[in-house]
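Remarks on the structure that follows.
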There are 4 protein chains.
Amino acid sequence: MDSRFTNPAAPPWLPFESRRRARDEKREAVLRTAVQLFLEQGYHRVTLNEVAERLNITKPALYNYFRGKDEILFECWSMGAELVDSVIAEIDAGGGSGIVKLRKLVHAYAEVMAIDFGASIVRFDVRDLTNRNARIARAAKKRIDATFRAYITAGIADGSIKRCDAKLAAFAIAGSLNWIGHWYQRDGALSPGEIADEFTVRLTEGLAAKPAQGHTTTKTAPVARTATREARRKATGKKRGGASR
Amino acid sequence: MDSRFTNPAAPPWLPFESRRRARDEKREAVLRTAVQLFLEQGYHRVTLNEVAERLNITKPALYNYFRGKDEILFECWSMGAELVDSVIAEIDAGGGSGIVKLRKLVHAYAEVMAIDFGASIVRFDVRDLTNRNARIARAAKKRIDATFRAYITAGIADGSIKRCDAKLAAFAIAGSLNWIGHWYQRDGALSPGEIADEFTVRLTEGLAAKPAQGHTTTKTAPVARTATREARRKATGKKRGGASR
Amino acid sequence: MDSRFTNPAAPPWLPFESRRRARDEKREAVLRTAVQLFLEQGYHRVTLNEVAERLNITKPALYNYFRGKDEILFECWSMGAELVDSVIAEIDAGGGSGIVKLRKLVHAYAEVMAIDFGASIVRFDVRDLTNRNARIARAAKKRIDATFRAYITAGIADGSIKRCDAKLAAFAIAGSLNWIGHWYQRDGALSPGEIADEFTVRLTEGLAAKPAQGHTTTKTAPVARTATREARRKATGKKRGGASR
Amino acid sequence: MDSRFTNPAAPPWLPFESRRRARDEKREAVLRTAVQLFLEQGYHRVTLNEVAERLNITKPALYNYFRGKDEILFECWSMGAELVDSVIAEIDAGGGSGIVKLRKLVHAYAEVMAIDFGASIVRFDVRDLTNRNARIARAAKKRIDATFRAYITAGIADGSIKRCDAKLAAFAIAGSLNWIGHWYQRDGALSPGEIADEFTVRLTEGLAAKPAQGHTTTKTAPVARTATREARRKATGKKRGGASR
DNA sequence: GATGAATGAGTGTTCATTCAT
DNA sequence: GATGAATGAACACTCATTCAT
């Protein structure tokens with residue numbers, strides 16, 4: 001049971017705690033609404049008024065949580081980047097040959113593309129960001145690309161992947177996956193899982209030295225949608241989250 | 001001296017002809033400049049002033065050739081779509097099994113992605129177009145997708161391609177190719193031809209029932225960059241080219 | 001333990017008294033911070049957030065002491081006006097010929113201009129005030145001007161000042177003095193006293209019927225910086241101090 | 001008679017000439033309206049809409065002539081500075097002892113203060129300008145101050161002015177004069193000429209080694225209100241006039 | 001055909017002020 | 001008495017588009 005009710009000596013900072021939680025919840029609500037609108041209509045066609053209206057607040061209220069429109073964009077983007085980062089971290093933590101890791105990545109990445117925040121990684125235009133944030137975004141994208149390439153290179157080294165141009169192979173795979181973010185629709189015929197399964201086969205069958213024996217092993221845990229936002233909370237208290245103009 | 005004055009028998013329609021040609025040349029110059037800027041900076045960040053400045057004319061002068069900014073966008077997009085259309089027409093005119101046609105398409109499409117107008121097909125946002133033009137654009141995109149799918153289906157039927165989900169396979173291939181339009185840079189390490197060659201192998205090796213014996217056969221004639229714009233000329237004289245707001 | 005609880009006979013108004021004193025102290029702290037910022041950056045460029053931040057409180061807290069930004073401005077201005085008023089009162093209380101009184105006023109006024117609150121009289125824009133407060137401010141300014149003029153007129157009458165246009169002479173002198181408020185800097189080469197001494201000579205030497213024999217007599221007591229704010233306290237408890245919008 | 005009508009071979013650039021003249025006239029009309037409003041209500045209380053409305057144009061039309069509100073402010077200020085500059089140039093071109101030059105300057109400066117553009121020098125807040133323009137403005141102010149001081153110093157050297165602290169004397173005089181810009185009203189009892197005459201006597205009688213014998217010599221030509229704006233025209237064609245953000 | 005000038009509509013952002021807690 | 005959150009009102013600035021010349 002909530003200690004606020006069981007413990008009469010509940011520390012006085014609890015209200016602050018709950019207030020902060022409320023704040024964080026609202027902040028994320030803004031991001032969820034914003035990312036949806038941005039994907040739906042495109043960043044430049046969405047006005048802050050629309051975002052606010054959909055949240056039943058007024059435009060300036062948004063400025064309690066973000067420094068400006070472009071920061072909202074960046075934070076949406078960041079949410080997506082975190083999804084990918086946690087996926088990669090998990091795969092790196094596990095073991096397996098190059099091809100196995102690559103398959104895991106393809107599968108998880110495909111699923112991420114079916115999430116709003118995930119799609120935002122590839123659908124938002126980094127040129128809409130602050131220079132500083134654009135640099136961060138570009139760096140993150142490069143890291144992801146590098147991971148694809150690294151797995152392929154590792155696979156070639158350990159014999160699980162056929163000799164090929166790792167760079168172009170990575171581009172080909174990442175391109176296919178990124179494109180999901182452009183055509184996937186929640187109400188479409190295919191579920192994210194089905195898409196991920198099929199792409200995992202399709203995109204790696206040409207690369208594998210030997211056909212995969214079983215697919216179950218390629219699956220990772222479902223994408224962590226609740227990636228901890230602790231670090232962010234402080235950073236964005238009132239300053240640009242790791243970002244400045 | 002100008003033959004119009006020295007040769008009284010000169011056909012009177014020549015000046016008009018040459019004047020029309022001059023007009024068309026300027027029109028295309030606008031499109032070439034525009035597509036470049038749009039790709040470089042993004043449609044919404046480019047002002048008509050910038051386009052005009054780069055052409056050493058003034059903003060209102062653009063309105064002699066186009067009804068508005070979005071029409072310029074559409075015409076750029078159209079130029080790209082024509083490239084693909086002519087590619088497909090050529091492939092369809094030729095013969096070959098499903099896998100052969102698919103390889104031809106992959107190769108040619110990859111090359112198109114390395115051309116400004118080609119990239120515009122996948123980098124421009126159809127929501128920036130007039131409703132009518134957006135419909136045209138979406139239809140064209142669907143036709144392209146359908147072509148990929150048709151070749152795969154044909155390949156499965158004729159035994160040149162392994163049994164698979166044609167729809168997702170087409171998405172996977174098209175996605176890889178479309179992504180080229182996002183990362184290709186003219187001054188990069190890879191030439192369009194090299195990229196096309198590699199992608200042709202990479203994107204079809206998993207699909208082919210048997211490995212390809214030779215690659216030279218997959219090549220089509222170089223993409224026709226000078227697709228006739230005759231039809232367009234009339235249409236856009238002063239009315240929206242097959243389009244209205 | 002708090003004496004309110006241990007000593008039942010403690011006069012009940014003491015806490016109120018001390019509380020009120022604390023309130024007044026905070027109020028004045030706000031004014032001191034505000035006047036400084038207003039002079040430093042200009043009224044319109046200073047936000048209440050800045051004022052609050054510098055005081056380590058929050059913006060709405062300011063509204064416990066003042067009705068709004070313009071009231072803060074007015075109170076700052078009032079502090080300065082009181083300085084001048086007390087100066088004039090003192091001079092009037094003393095005796096002396098017109099020129100003597102004028103010299104006293106010039107000297108004291110020059111010193112006031114070197115105080116933040118004093119400078120605010122001439123550097124703040126009365127149009128930033130409420131209509132009502134603006135009227136008060138304008139009236140006060142007129143009274144000051146009238147005093148200069150009165151001393152000059154008196155001096156002409158008593159023969160201590162040469163015949164001249166009293167109005168323009170007053171403007172000339174007041175202008176010189178007011179300008180001090182614009183250029184004086186605390187860390188400059190000249191001390192307020194030195195400036196006052198020099199200006200006393202400079203601004204009156206052309207007027208005096210005969211040169212002054214000694215300067216020490218022109219000095220008044222140092223400007224009373226602790227002019228009682230008692231009357232104000234009640235007035236501004238929560239109502240606008242003699243002012244309403 | 002206008003050569004456009006008398007000379008049939010009038011060069012084709014005349015239309016441009018007249019168009020440019022029209023442009024310049026409008027530009028100055030904007031400045032005249034703006035300076036009036038700025039003085040009347042204060043820079044921050046004047047919206048560009050008000051300026052535009054009074055000119056019977058719309059707000060964005062102003063941006064054909066100026067880069068922004070602050071540039072309008074700066075250009076107003078500049079007009080005033082030019083008045084003073086031309087005054088000083090004229091005095092420097094003439095001869096005379098220190099006291100004579102000083103008297104000329106006082107007289108002319110007093111008159112400038114009665115002109116809108118002149119008053120703007122001392123009534124506008126340089127902190128409302130771009131950093132770059134603020135620097136320019138501050139430098140100009142310093143130059144003016146230095147001129148006062150230089151004349152006084154010269155006067156002391158040539159024996160026409162009594163020994164005194166030139167710096168403070170300059171401040172005293174300039175202050176008196178600057179203050180005119182704050183209190184002068186076109187419809188007041190005193191004409192600029194009368195004020196100038198009186199201030200010339202008042203502000204210098206204390207300084208002169210011997211009383212002035214005649215006043216007519218202190219007068220300069222009436223302030224050149226038509227200071228050539230040639231240089232400016234080019235500079236502000238579309239770029240900030242000698243200014244950038 | 002081309003231009004300078006003007007416009008209308010829109011948008012992000014700021015800030016004094018209020019209010020529930 | 002103090003705070004975090006929210007709001008309303010305002011404002012400068014941009015830009016595609018039009019029009020008279």
Side-chain angles (χ1 to χ4, degrees), chain A residues 15-16 18-20 22-23 26-27 44-52 55-72 237-238, chain B residues 19 22-23 26 44-52 55-72 238, chain C residues 19 22-23 26 44-52 55-73, chain D residues 15-16 18-20 22-23 26-27 44-52 55-72 237-238:
Chain A
F16 294 99
S18 82
R19 206 181 265 198
R20 199 189 57 186
R23 183 186 168 80
K26 285 185 200 164
R27 223 187 98 99
H44 286 103
R45 269 173 300 273
V46 176
T47 71
L48 289 188
N49 252 334
E50 282 178 276
V51 176
L55 289 160
N56 285 319
I57 58 174
T58 58
K59 182 167 49 169
L62 295 171
Y63 286 81
N64 280 326
Y65 305 102
F66 305 94
R67 287 258 170 114
K69 195 186 181 188
D70 67 274
E71 198 189 70
I72 298 182
K238 203 59 181 177
Chain B
R19 199 179 285 183
R23 181 187 163 82
K26 285 187 198 166
H44 286 103
R45 268 175 300 274
V46 175
T47 72
L48 289 189
N49 251 334
E50 284 177 276
V51 177
L55 288 160
N56 283 319
I57 59 173
T58 59
K59 182 165 52 167
L62 294 172
Y63 285 82
N64 286 323
Y65 305 105
F66 304 95
R67 286 261 168 113
K69 195 185 181 188
D70 67 272
E71 198 188 74
I72 297 181
K238 200 58 181 177
Chain C
R19 200 179 283 185
R23 181 187 164 80
K26 285 188 199 166
H44 287 103
R45 270 175 298 273
V46 175
T47 72
L48 289 189
N49 250 334
E50 284 176 276
V51 177
L55 288 160
N56 284 320
I57 59 173
T58 59
K59 183 166 49 167
L62 294 172
Y63 285 81
N64 287 323
Y65 306 105
F66 304 94
R67 285 260 168 111
K69 195 186 181 187
D70 67 273
E71 198 187 72
I72 297 180
L73 186 72
Chain D
F16 294 99
S18 82
R19 206 181 265 198
R20 200 190 58 188
R23 181 186 169 81
K26 285 185 200 165
R27 223 187 98 100
H44 287 103
R45 268 174 300 274
V46 175
T47 71
L48 289 188
N49 251 334
E50 282 177 276
V51 177
L55 288 160
N56 284 319
I57 58 174
T58 58
K59 183 167 47 171
L62 295 172
Y63 286 82
N64 280 327
Y65 306 101
F66 305 94
R67 288 258 169 113
K69 195 186 181 187
D70 67 274
E71 197 189 69
I72 297 181
K238 203 60 181 177

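First the proteins, then the strands, lettered A, B, ... as listed; each starts at 1.
Between A/Lys69 atom NZ and E/dG12 atom P there is a gap of 4 Å when expressed in whole angstrom units. Rounded to whole Å, atom P of F/dT17 lies 13 Å from atom CZ of B/Phe66. Rounded to whole Å, the distance from CD on D/Glu71 to P on F/dC13 is 10 Å. Look at CD on B/Glu50: it is 13 Å from P on F/dT14, rounded to the nearest Å. Atom P of nucleotide E/dT18 and atom CG of C/Leu62 are separated by 13 Å, given to the nearest angstrom. Across the protein-nucleic acid pair, A/Tyr63 atom OH and F/dG8 atom P stand 16 Å apart, rounded to whole Å. When the P atom of F/dC13 is taken as reference, atom CG of D/Leu48 falls 6 Å away, rounded to whole Å.
With DNA chain F read from its 5' end, the first of the two nearest nucleotides for D/Thr47 and B/Asn49 is the one closest to D/Thr47. The residue among A/Arg45 and C/His44 whose nearest nucleotide of DNA chain E is located toward the 5' end is A/Arg45.
For the residue pair C/Glu50 and C/Arg45, the shortest heavy atom distance occurs at OE1-O, 3.3 Å.
The closest donor-acceptor contact from the side chain of B/Lys59 to the backbone of B/Thr47 lies at 3.5 Å or more, if one exists at all. Put simply, the side chain of D/Lys69 gets close to the backbone of D/Val46: a donor and an acceptor are under 3.5 Å apart.
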Could you list the protein-to-nucleotides 1-3 of chain E atom pairs, N/O on both sides, closer than 3.5 Å?
{"residue": "E/dG1", "atom": "OP2", "partner": "B/Arg23", "partner atom": "NH1", "Å": "3.2"}
{"residue": "E/dA2", "atom": "OP1", "partner": "B/Lys26", "partner atom": "NZ", "Å": "3.1"}
{"residue": "E/dA2", "atom": "OP2", "partner": "B/Asn64", "partner atom": "ND2", "Å": "3.4"}
{"residue": "E/dA2", "atom": "OP2", "partner": "B/Tyr65", "partner atom": "OH", "Å": "3.0"}
{"residue": "E/dT3", "atom": "OP2", "partner": "B/Thr58", "partner atom": "N", "Å": "3.1"}
{"residue": "E/dT3", "atom": "OP2", "partner": "B/Thr58", "partner atom": "OG1", "Å": "2.5"}
{"residue": "E/dT3", "atom": "O5'", "partner": "B/Thr58", "partner atom": "OG1", "Å": "3.3"}

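Helical stems in DNA chain E, defined as runs of 3 or more consecutive Watson-Crick or G-U wobble pairs with both donor-acceptor distances under 3.5 Å, are listed by first residue as E:2-21 with F:2-21.
We find the OH-CZ distance between B/Tyr65 and B/Arg23 to be 6.5 Å, quoted to the nearest 0.5 Å. Atom CG of residue A/Asn49 and atom CG of residue A/Leu62 lie 9.0 Å apart, to the nearest 0.5 angstrom.
Residue contacts for B/Val51: at a heavy-atom cut-off of 4.0 Å it reaches no nucleic acid atom on any strand shown.
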